[in-house]
Visitor: 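The structure's right below; bear with me while I get my questions together.
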Protein chains: 2
Amino acid sequence: MKKHDQDFMKRQNRLTVFEIIKSQQPISRAAIAKQTGMSPTTVSRIVAELTEEGYLLETEQVSAGLGRKSTLLAMVDAAVLSVGVELDRHRIHIGIVDIQGNVVAKTDYARATDESVNATLERIGAEIDRLTKSNEIDCGRLIGIGVGLPGIVDNEKGVVVFSVQLGWKNVALAEKLKAITGYEVAIDNELKVKALAEHLKGAAIGSSRTAMLGFGNGVGSALIVDGEIDRGKTNSAGEIGHTTIDPNGMMCDCGKAGCLQTYINIHSLLSEANKIRPVRTIEELFEARRAGERWAVYLVDRALMYMAITINNVVCMHNPDTVIMSGELTDKFPEIYEEVAELCIKRFVWEPLRGTFAIRPSELSGQGVVIGSGLMSQNCFFALE
Amino acid sequence: MKKHDQDFMKRQNRLTVFEIIKSQQPISRAAIAKQTGMSPTTVSRIVAELTEEGYLLETEQVSAGLGRKSTLLAMVDAAVLSVGVELDRHRIHIGIVDIQGNVVAKTDYARATDESVNATLERIGAEIDRLTKSNEIDCGRLIGIGVGLPGIVDNEKGVVVFSVQLGWKNVALAEKLKAITGYEVAIDNELKVKALAEHLKGAAIGSSRTAMLGFGNGVGSALIVDGEIDRGKTNSAGEIGHTTIDPNGMMCDCGKAGCLQTYINIHSLLSEANKIRPVRTIEELFEARRAGERWAVYLVDRALMYMAITINNVVCMHNPDTVIMSGELTDKFPEIYEEVAELCIKRFVWEPLRGTFAIRPSELSGQGVVIGSGLMSQNCFFALE
DNA sequence: TCCATTATTTTCACCAATGAATTAAATAAT
DNA sequence: ATTATTTAATTCATTGGTGAAAATAATGGA
């Protein structure tokens, strides 16, 4: 429970006006007043402030029937910029993201899997520097850096608690990167920020409850409730890779039997396939399936079935209005989306829940993490300031 | 996004002070000021108001070391009363609940399973009337009625969307009961209010993320996040009875194969048992298991295993700090609690999640719904007023 | 032209919260 | 016992955001 003083009240109202303009622009002062219940006085004052500070712009005048025309307001997209970083084992993507989630500049490069934390961060710092300079970014408008990475991440403390993929444990990433770059740094799990990106700019715009599923190397889920990332008590919400799907099933790397990820994971699929025939890539496996080879059909069909089951189980627990499928599997083989969605609804979803949600493919796959982490860091900024 | 004006600010601060006193009483004005960051002036004014209105009481003076003694403040428990109703197929429990969740008066009676909605509500109204009169309850302090029942319930609209157990569909329960009694009525799913009760007064006090599991006739879960019931987009969050646990498994009543509830449900267990030997009650089944009869051991062990799996899966998705086991099965056979909890942690929980949560048996089983629904209706009151 | 209508700005009063100063009541030091 | 110190609570004046009403602006229609 927070103290509510005049200052807090003002900041909240500013934020409200700001968010409305951001999402409904162009919009008039009067419309904002009507929608929020604030007095026109207040809206005008806040708008004047925000304009003064360079966040807003009056665009055209429009007549809404009778009476004086309204003056429409719009965001100055470049008024707030942030950096979004996708930090993966093999590759790093960096982008400059504006207030609307547009990527105004970007770069990416390979990362050596054995590179140290410090070396990785130094390089990121240098690349951000290069990127801002070569694109003549107004660094005065750059308010922070967001980083999305695989693993359990403590957003509040800015610490990577545990990342199997990166091999990191209790790394004070935000602090270190801030020391290097000078910017505020917000970090989070990559699937969670990706979900945020889809909610703000992708396939889940307007959704008040978005469940994101990631099928790739590992299985994960993330939930956005009323625009907020649901992180769980210890930042592990959505770690569904180790939900038990078959207590008598295959052994998982984690030492338990029947973990979900054992049946969907690209890595697992390949190692299962290799018991039958040498298969190097997931593409080969899907090719063999298309060719109708029994073992490939079996393996992939089973994976798709478990994907459908996962969607159903997530829906039962979370009751979302939108489910987004994403990850390496759906990126590489977009045709499976329809198959899984149909299978899920026809075979697994309980009748009363049918029609309460939509299943959609990710729309930002390539840039989701960059956009999401960039926007997340902007949220942190506005929450504080 | 809500409008923040002075009035809102005042109500929020009042609420903050109120909640702190409720949960930390007896406490001094100074301590509240320190904790909230409000000025002593503000706290004093709010306390004066609340005292004036009869909600608070100065108790004793206590010296906290040096300086002037603090005057401790406490709630007047009977200042706010509400009615909690547990509405089940066969039986109805009614209680008068004070602000601390104490049941100050109660009654219960059988309900004919074919009784109409109106007859059921008329009877509830009459019983509430009788209860308040015979216990000399100050009806001026009675601010509302809360009802907990099985099924999908739209709390906001006050409508029972769908209840298999009661055979109701789209019943405007809150409206009807308000028309009969004159009191404000808040309704919700029984497991959800039970979770709220455990959070406020039972096994999950102090938890910021409580997952409640109900194992009985049907399987369900409920989640309390920061003291708020998580209802989902269409009030179906936690409907885990129809999560798919074995795609090639037994048929469920719902027409799908391998639903979780098919393996845990008391009804299912009995019908499975009866394929082998006539068994009338769940007690007989457990008795047979204790006697070491193979088929009974198999059926019950399988149910317990799926209960353990359910806990694991809920933990993976929600990442709670506390998991509460409740329901007819754990009420009747409390010994299974240890067995399930141990099995869950040893066999199913992923290493990084171990130690992040506690599994506890419900502490309010008999009165959870009455207390929870009563307290829920009080929350609604304070949120509005 | 004048009037009704709607949008925006200006002026001003209101009031919740705050901070400084004060009063109250205790303990510690002398 | 007396004084200094510490903490609690109250009193009073100030601050600042908001809302209400009036003023101003701009438009379409009679």
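The chains referred to below are lettered A, B, ... by the order of the sequence lines, with proteins before strands, and numbering in each begins at 1.
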Visitor: Where each residue is assigned the nucleotide of DNA chain C containing its nearest heavy atom, which of B:Lys69 and A:His4 is assigned the position nearer the 5′ end?
Guide: A:His4
Visitor: Between A:Glu184 (side chain only) and A:Gly144 (backbone N and O only), is there a donor and an acceptor less than 3.5 Å apart?
Guide: no
Visitor: For B:Lys10 and C:dA17, give me the distance from atom NZ to atom C1', rounded to whole Å.
Guide: 11 Å
Visitor: Strictly below 4.0 Å: does A:Thr42 bring a side-chain N or O up to OP1 or OP2 of D:dG19?
Guide: yes
Visitor: Test the A:Arg11-A:Phe18 pair against the cation-pi criterion, namely NZ or CZ under 6.0 angstrom from the six-membered ring centroid and within 45° of the ring axis.
Guide: no
Visitor: I want to check one thing: is the phosphate of C:dT8, taken as OP1 and OP2, less than 4.0 Å away from some side-chain N or O of A:Thr71?
Guide: yes
Visitor: Decide yes or no for A:Asn135 and A:Val104: does some side-chain heavy atom of the first lie under 4.5 Å from some side-chain heavy atom of the second?
Guide: no
Visitor: Cation-pi check for A:Tyr55 against A:Arg141: NZ or CZ below 6.0 Å from the six-membered ring centre and within 45 degrees of the axis, yes or no?
Guide: yes
Visitor: Could you check how far CD of B:Glu49 sits from P of C:dC15, rounded to whole Å?
Guide: 13 Å
Visitor: Please determine whether a side-chain nitrogen or oxygen atom of A:Arg68 lies at a distance below 4.0 Å from atom OP1 or OP2 of C:dT9.
Guide: no
Visitor: Within the structure, does a side-chain N or O atom of A:Lys34 lie under 4.0 Å from either OP1 or OP2 of C:dT6?
Guide: no
Visitor: Report the distance from atom CE of A:Met9 to atom C1' of C:dC14, rounded to the nearest whole Å.
Guide: 12 Å
Visitor: Paired with D:dG17 by Watson-Crick or G-U wobble geometry, both distances under 3.5 Å: which nucleotide is it?
Guide: C:dC14
Visitor: Rounded to the nearest angstrom, tell me the gap between atom CG in A:Leu56 and atom C1' in C:dT8.
Guide: 16 Å
Visitor: If I take atom CZ in residue B:Phe8 and atom C1' in nucleotide C:dC14, what distance separates them, rounded to the nearest angstrom?
Guide: 20 Å
Visitor: Taking only side-chain N and O atoms of A:Ser44, does any of them lie within less than 4.0 angstrom of OP1 or OP2 on C:dT9?
Guide: yes
Visitor: For the pair made of CZ in B:Arg11 and P in C:dA17, what is the distance, rounded to whole Å?
Guide: 12 Å
Visitor: Checking B:Gln378 side chain against B:Asp98 main chain: does a donor-acceptor pair fall under 3.5 Å?
Guide: yes
Visitor: Whole Å only: how far is the NZ atom of B:Lys3 from the P atom of D:dA20?
Guide: 7 Å
Visitor: Which is true for B:Asn13 with a 4.0 Å heavy-atom rule: it touches a base, it touches only sugar-phosphate, or it touches nothing?
Guide: sugar-phosphate
Visitor: In whole angstrom, what separates B:Leu72's CG from C:dA25's P?
Guide: 16 Å
Visitor: Given C:dT9, is OP1 or OP2 found less than 4.0 Å from the side-chain N or O atoms of A:Arg29?
Guide: yes
Visitor: Taking atom types as they are modelled, is there a donor-acceptor pair under 3.5 Å from the base of D:dA20 to the side chain of A:Thr41?
Guide: yes
